[in-house]
Amino acid sequence: MKDYDNAVAFLGQWGRFQLIFFFLLCSTIVPNGFGAFTLIFLTDVPSHQCLVSDTNITEDWHKSIIPVKMVNGKPELSSCSRYRLDVVRNLSALGYIPGRDVNLTDLEQENCVDGWSYSKDIYESTVVSEFDLVCSDQWKQPFTTLIFFLGVVFGSFFSGQLSDRYGRKLVLFVTMAVQTVFVFVQAFATSWVVFIILLFINGLAQINYLAALVLGAEVLTGNERIFFSSLGSCLAFAIGYMMLPLFAYFLRDWKSLLYALSVPSVVFIPLWWFVPESPRWLISQGRVEEAEAILRKAAKWNKVQAPNAIFEDCSVTKAETHSKEQYTVLDLLRLSSVRVTTPIVCLMSFSLCAGYFGLSFNVAQLSADPYISCFLAALVEIPGYISSWVALRYLPRRLSLIGCFLLGALPLFFIQLVPENLSNLSLTLELVGKYAFTTGISLIFAYVAELYPTVLRNTATGICMAVSRIGSCASPFVLNLRVYFTYLPYIILGSLAVLSAFATLFLPESFKQPLPETIQQVEERERMKCPCKSRNKTRLPVRQQDSPL
């Protein structure tokens with residue numbers, strides 16, 4: 001099969017089949033907007049002080065038993081210590097009044113041995129208040145987020161190979177089912193250890209986004225594929241992202257929030273099974289009859305006549321697949337046609353995701369209200385996704401991504417020059433940076449899908465997503481470097497973006513070119529890009545023949 005797009009052109013554009021397929025596939029991505037940022041509310045730390053359950057002390061001592069500390073020049077009640085309760089009880093029994101009869105700074109302090117009392121001004125409960133992830137256990141709060149992203153990393157690494165071997169539809173449906181079940185089951189966690197184990201499995205299933213992206217890129221053609229890859233899938237993610245603070249606002253308890261977030265998936269799971277398998281993948285496996293059956297059914301939905309033989313020139317593909325050769329991650333570095341492409345797209349993915357999540361964590365502090373902060377952080381992504389759709393439709397891929405990297409880097413370098421009293425200008429620069437990285441993330445996965453052949457596409461996209469998630473894991477630690485130098489995180493993220501912009505120059509252009517079906521087609525594109533490669537390959541057998549080895 002030489003040209004899949006021409007073979008299925010009889011279906012037309014945006015018929016009934018394409019519309020139903022588009023919306024069903026987008027609906028599988030909406031829950032990813034929940035999963036990526038649910039931890040904003042689940043692991044938020046409410047205001048808390050040591051619990052004082054002793055009723056044998058006076059009201060004055062109840063009010064004074066928590067020490068006052070200076071934090072950033074402001075007095076705040078201590079969150080992790082109190083004055084020794086036995087001493088306070090004796091002083092209260094003797095009738096001493098704190099601050100008048102007793103100098104509080106002279107009293108000995110102790111840890112919160114009886115637990116903590118948590119403010120319920122914003123949340124009824126969170127995972128932090130449920131399992132007391134504060135003070136000496138404060139490290140567990142960011143570690144919880146890390147566990148989730150590690151799950152996504154491992155899931156991205158293996159799901160691509162599974163999808164290339166067993167099909168896009170099966171992996172998509174299984175991961176959606178696992179994600180739904182474990183979001184619900186997390187609410188029954190009886191300890192923090194159980195919670196992070198369930199969270200890790202939930203992270204593994206988040207790669208349904210990858211299967212949906214590749215499936216949409218392979219089934220849809222032309223402008224349909226561009227619209228789905230750059231705008232449809234991303235807007236579906238943003239819709240889920242914006243719905244999250246609405247759910248969280250009305251459900252202030254972490255368990256109720258998890259219950260509610262599993263409902264949309266439960267409703268749609270029966271419908272998702274009707275998403276068809278990728279005909280491109282079926283043909284790559286030699287299952288031409290199944291691929292034609294899907295397209296004939298699509299033709300009936302679109303009320304058009306399918307040709308008698310849809311794939312007349314698929315003999316090459318059959319011969320290739322009958323060999324049963326399976327490609328793995330190692331082939332991404334072994335095959336000369338993609339050996340240079342793979343490390344470059346990994347660098348680009350890492351830089352984009354580190355910048356995106358790094359700025360998202362900062363922008364999430366736009367307001368003292370976490371619900372407003374989360375909604376604004378989601379809202380700013382809409383123009384980024386629209387820009388990526390326009391860029392994918394009208395601009396070369398390399399030019400678009402270079403523009404995103406530079407537009408994301410420049411504000412990060414300029415923010416160091418902004419005076420401290422111009423906080424709104426700093427905020428504007430951060431939003432511009434996030435807009436650029438959001439646009440770039442939407443572009444990169446569509447670009448990767450166009451660079452690799454069908455037999456390697458899902459594996460390559462999986463590796464790309466896995467590396468990008470390593471960037472998301474690294475972003476909180478990069479932000480913590482501000483304790484050494486305030487602007488060091490911006491310098492690192494900006495430098496990564498500039499380096500990635502330079503590396504993009506070495507990738508092939510895929511604008512207005514059909515998706516490659518075989519490795520041979522990728523090699524032909526490389527030879528067209530650099531004719532010297534073709535001449536070198538023709539001499540290679542001669543050198544091998546003359547070699548004494």
Side-chain angles (χ1 to χ4, degrees), residues 14 18-42 148 152 172 175-176 179-180 183-184 202 205-217 220 224-251 257-272 275 353 356-357 359-360 363-364 366 370-390 392 431 434-435 437-446 465 472:
W14 293 116
Q18 288 96 331
L19 287 172
I20 293 177
F21 177 81
F22 175 86
F23 285 109
L24 280 179
L25 213 54
C26 284
S27 69
T28 67
I29 297 174
V30 171
N32 290 96
F34 303 154
F37 299 103
T38 304
L39 293 174
I40 292 176
F41 302 104
L42 295 185
F148 174 81
V152 178
L172 174 64
T175 53
M176 288 306 305
Q179 184 182 142
T180 302
V183 167
F184 183 81
N202 183 19
Q206 291 292 320
I207 43 73
N208 66 287
Y209 184 94
L210 165 63
L213 189 67
V214 173
L215 183 57
L220 300 173
E224 298 168 350
R225 182 175 69 229
I226 293 175
F227 187 80
F228 171 77
S229 299
S230 62
L231 192 58
S233 60
C234 295
L235 287 179
F237 179 89
I239 289 172
Y241 190 177
M242 289 187 290
M243 289 172 60
L244 172 62
L246 298 179
F247 277 93
Y249 179 80
F250 292 103
L251 301 170
L257 179 59
L258 288 175
Y259 295 148
L261 294 180
S262 65
V263 170
S265 298
V266 171
V267 173
F268 280 98
I269 275 183
L271 296 176
W272 290 333
V275 173
C353 215
Y356 170 79
F357 280 97
L359 295 182
S360 293
V363 173
L366 287 175
Y371 307 105
I372 295 177
S373 300
C374 184
F375 183 80
L376 291 177
L379 188 63
V380 75
E381 298 189 0
I382 300 299
Y385 296 142
I386 295 175
S387 298
S388 69
W389 171 67
V390 173
L392 281 174
L431 289 175
K434 187 185 178 186
Y435 158 80
F437 286 120
T438 300
T439 305
I441 285 179
S442 180
L443 288 170
I444 185 65
F445 293 110
M465 179 169 283
S472 65

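Source: prediction; values computed, not measured.
In this view, S388 and S442 satisfy the side-chain hydrogen bond (donor to acceptor under 3.5 Å, both in side chains) rule, not counting sequence neighbours. F41 is linked by a ring-ring contact (aromatic ring centres under 6.0 Å, His included) to Y371, counting only residues two or more places apart in sequence or in another chain. Taking the side-chain hydrogen bond (donor to acceptor under 3.5 Å, both in side chains) definition, one finds that Y241 meets it with nothing, sequence neighbours left out. Y385 meets the side-chain hydrogen bond (donor to acceptor under 3.5 Å, both in side chains) test with E381; sequence neighbours excluded. Residues meeting the side-chain hydrogen bond (donor to acceptor under 3.5 Å, both in side chains) test with S27, sequence neighbours left out: W272.
Rounding to the nearest 0.5 Å places CG of L257 at 9.5 Å from CZ of F34. Atoms CG and CG, from L258 and L251 in turn, are 10.5 Å apart once rounded to the nearest 0.5 Å. Here CD1 of I386 is found 6.5 Å from CG of L235. Values are rounded to the nearest 0.5 Å. In this structure, CG on N202 lies 11.0 Å from OG1 on T175, to the nearest 0.5 angstrom. Atom OG1 of T439 sits about 13.0 Å away from atom CD1 of I444, to the nearest 0.5 Å. To the nearest 0.5 angstrom, M242 atom CE is 11.0 Å from F237 atom CZ.
Using a 4.5 Å cut-off on side-chain heavy atoms (C-beta onward), L172 and L25 make contact. Within the 4.5 Å cutoff, side-chain heavy atoms of L244 are placed close to those of L261.
A pairwise comparison of heavy atoms in G232 and F22 identifies CA-CZ, 3.8 Å as the closest pair. The minimum heavy-atom distance linking S265 with M176 is given by the pair OG-CE, 4.2 Å. In terms of heavy-atom proximity, F228 sits nearest to G216 at CE2-CA, 3.6 Å. When all heavy atoms are compared, the tightest approach of R225 to A217 is CD-O, 2.9 Å.
Partner of F148 under the side-chain contact (heavy atoms from CB on, under 4.5 Å) criterion, out of T38, L39, L42: L39 alone.
Proximity of a side-chain donor or acceptor of Q18 to a complementary backbone N or O of L220 within less than 3.5 Å is not detected.
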Let me see the working for F375 and Y249 under side chain to side chain contact (heavy atoms under 4.5 Å, CB included), right down to the final yes or no. CA-CA 11 Å; F375 183 80; Y249 179 80; over 6 Å; no
Less than 3.5 Å apart, which donor and acceptor atoms pair up between the side chains of residues 207-215 and the rest of the protein, not counting sequence neighbours?
unit_1 : atom_1 : unit_2 : atom_2 : d
N208   : OD1    : N32    : ND2    : 3.1
N208   : OD1    : Q179   : NE2    : 2.9
N208   : ND2    : T28    : O      : 2.9
N208   : ND2    : N32    : OD1    : 3.0

